[in-house]
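In what follows, every chain begins at residue 1, and chains take the letters A, B, ... in the order their sequences are listed.
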There are 2 protein chains.
Amino acid sequence: MAPKIKDVAKKAGVSVTTVSRVLNGEKYVKDDLKAKVKRAIDELGYAPSHIARSLVRKKTNLIGVIVPDLTSSFYSTILSSIEETASLNDYNLLVCNIIEDTDKELKYLNVFKEMRVDGIIIMHEKLSDDIRSFINKLDIPVIFSSVRPVDHKFVSVIIDDYEAAYDATRYLIELGHERIAFIGGDMRDITSGQNRYVGYRNALKDHRVRTVNDYIRFGDYKTQSGYNLMKELLACEPRPTALFAVSDDMAVGAMNCIHDHQLKVPDDISIIGFDGSQLTELVRPRLSSMEQPIQDMGKITVDTLIELISDPTFSPREDLILGHKLVVRDSCRAFQTER
Amino acid sequence: MAPKIKDVAKKAGVSVTTVSRVLNGEKYVKDDLKAKVKRAIDELGYAPSHIARSLVRKKTNLIGVIVPDLTSSFYSTILSSIEETASLNDYNLLVCNIIEDTDKELKYLNVFKEMRVDGIIIMHEKLSDDIRSFINKLDIPVIFSSVRPVDHKFVSVIIDDYEAAYDATRYLIELGHERIAFIGGDMRDITSGQNRYVGYRNALKDHRVRTVNDYIRFGDYKTQSGYNLMKELLACEPRPTALFAVSDDMAVGAMNCIHDHQLKVPDDISIIGFDGSQLTELVRPRLSSMEQPIQDMGKITVDTLIELISDPTFSPREDLILGHKLVVRDSCRAFQTER
DNA sequence: TTGAAAGCGCTAACAG
DNA sequence: CTGTTAGCGCTTTCAA
């Protein structure tokens, strides 16, 4: 068995209280005793039990994180940023990868509750009723990152998805495109589904570009769905000359579809993605994208959550809206009348 | 404060023992009492404290995982598989993302020790002396996944990297290539560095293909280094006609470099990658790759670790060697004499 | 400055 | 079947 504080005390010839004191860096311990205790700790290879400490301190330094899909470029990057910030603040991460699995999510939320995690980060917005009511009666701080759920009880760290989608679409319009297709997300999602869609529509409307229903498709943010939907779009007559996809993954899927049909990006079709994930630089042509500040988003999420944890009265009723930024790479070009 | 077992007991009019019994699904509790207890639990929204339970049971159901880079396609996929398997077995994951940061790794290993995690999964092999000695005197089961460290005290779940690299190179040779370049990893790594390199060399030697030192470069497994090294290779005279890169990320970097120099894969240069990550299907042309069974690797890692945990005498002194598989896609073609 | 002892929330003998 | 009680390994009054 691992040595306990009592073993250290015995070996050092002091009381457990004294050991506890040097463990916690309190003063009021004479140097010679302190030295003795430290030696005993080393010799025993003693490490205080975080479990026992948590029990008495009522603080676990654990943060539970719910990620929709670890293998997505966007989420793995934001998680990486979350992990870094948490670690810097001496918090550890309990990670749950739910893959559209509501039962698993509920089970994990329950684990988080049993574990008495100090805070919870949730990164998807399609909350089932069970889950909604569960987190509503939870007395653990919850924060949403990159999404905002419908009922506005919790803080979210997000960008203005409407504006971002509007700006992305406008970019295409300003390049002279008039047949602009849209590959959207799940319309049950407010932020990444509805807001981005409305941003697209309004940009068209405000600039008097015709909205063609056939040019509008919805998918699940993943590469494969981008690919499939692009295939449908290629069958349209006339073909769109530009595409706005609401995730980089879908944009890449669309690019691949276009490539597989012997067409060229951006010569035949211009594409703009959304997220600003690492993928944008990995593909050829490099993907222009409406970037979310992924790193900042992760950091600010954790920083805010930690404030929430340490000061329960602190409660920014406002969401934290971060800035978006269009990053132009090589996947779009000005539209020219066909020759 | 969260309700405790005592509150439930009071509310249900029974002793804490009885509550504990229904919590743990023991028989020997009359149905009516059981019902009462369950109702009390519901009304209070009670969830047993995992902390307190762990303290008395001496089992945390926690697995600590050390990942080199969460954003890499390979590691995020294997982590995803690890998470799934762990979850299925009621284990939770404490995740540490070390980014070549030895201090952070040591700090986390210490956290794992303090947390009294039941087991530890490590996915990199460049162990510092501190870390080596730390895990050697740790009395928590440790397992390595996708790598094997030099001192062979722990179990590893890996493929035969030597054979895999040999087979990948032979594939290129059989396609008729004679100027085959190599982009390797870190030679301080046994599995992914040395073994893959020697596999490459021996394949050339066994098939009487000339080894050209200029065609051999080493990087850090990442896209950028693949890009940079390919740039150097393109400057060679004569240029290699094929490339074996020991990670898909580096292979994609090389592909991009080739593309940016107005050359074509596979027409000008054939490329084969290593890992079989999701990237292979994301790029164009699709990347042929020597695949590791990533999903299985994650699953087997966790399954084996759980055996190690539940039966300390159980100790497969042998590593678990999984099969590799060449998956041919579109990035290689037969070599034809230049016209 | 130091130590004894009372919990933190739960499980597990041991009685009844 | 059910309840009493003694810890699990630590922190924290309260005294000395």
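For the pair A/Ser20 (side chain) and A/Val16 (backbone), a donor-acceptor distance under 3.5 Å is absent. Looking only at distances, a side-chain donor or acceptor of A/Asp69 sits under 3.5 Å from a matching main-chain atom of A/Thr71. With A/Ser80 contributing its side chain and A/Ser76 its backbone, the two residues share no donor-acceptor pair below 3.5 Å. In this structure a side-chain-to-backbone donor-acceptor pair under 3.5 Å is missing from A/Asn89 to A/Tyr91.
Considering A/Ser81, A/Ser156, A/Ser145, A/Ser146 in turn, A/Ser145 is the only one that fulfils the side chain to side chain donor-acceptor pair (under 3.5 Å) rule with A/Thr301.
At most 12 heavy atoms of other shown residues, nucleotides or ligands fall within 6.0 angstrom of atom NZ in B/Lys10.
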Per-nucleotide protein contact string for nucleotides 8-16 of chain D (B base, S sugar-phosphate only, - none; heavy atom under 4.0 Å): BBBSB----
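Shortest non-hydrogen contact noted between B/Pro68 and B/Tyr75 is CG-CZ, 3.5 Å.
Note: NZ (A/Lys34) to C1' (C/dT2) measures 14 Å, nearest angstrom. For the pair A/Lys30 NZ and C/dG3 C1', the interatomic distance rounds to 14 Å; values are reported in whole Å.
Of the residues in residues 8-15 of chain B, those placing a heavy atom less than 4.0 Å from an atom of DNA chain D are B/Val14, B/Ser15, in numerical order.
Residues passing the side-chain contact (heavy atoms from CB on, under 4.5 Å) test with B/Leu88: none are found, sequence neighbours excluded.
A/Leu33 comes within 4.0 angstrom of the backbone, heavy atoms only, and of no base.
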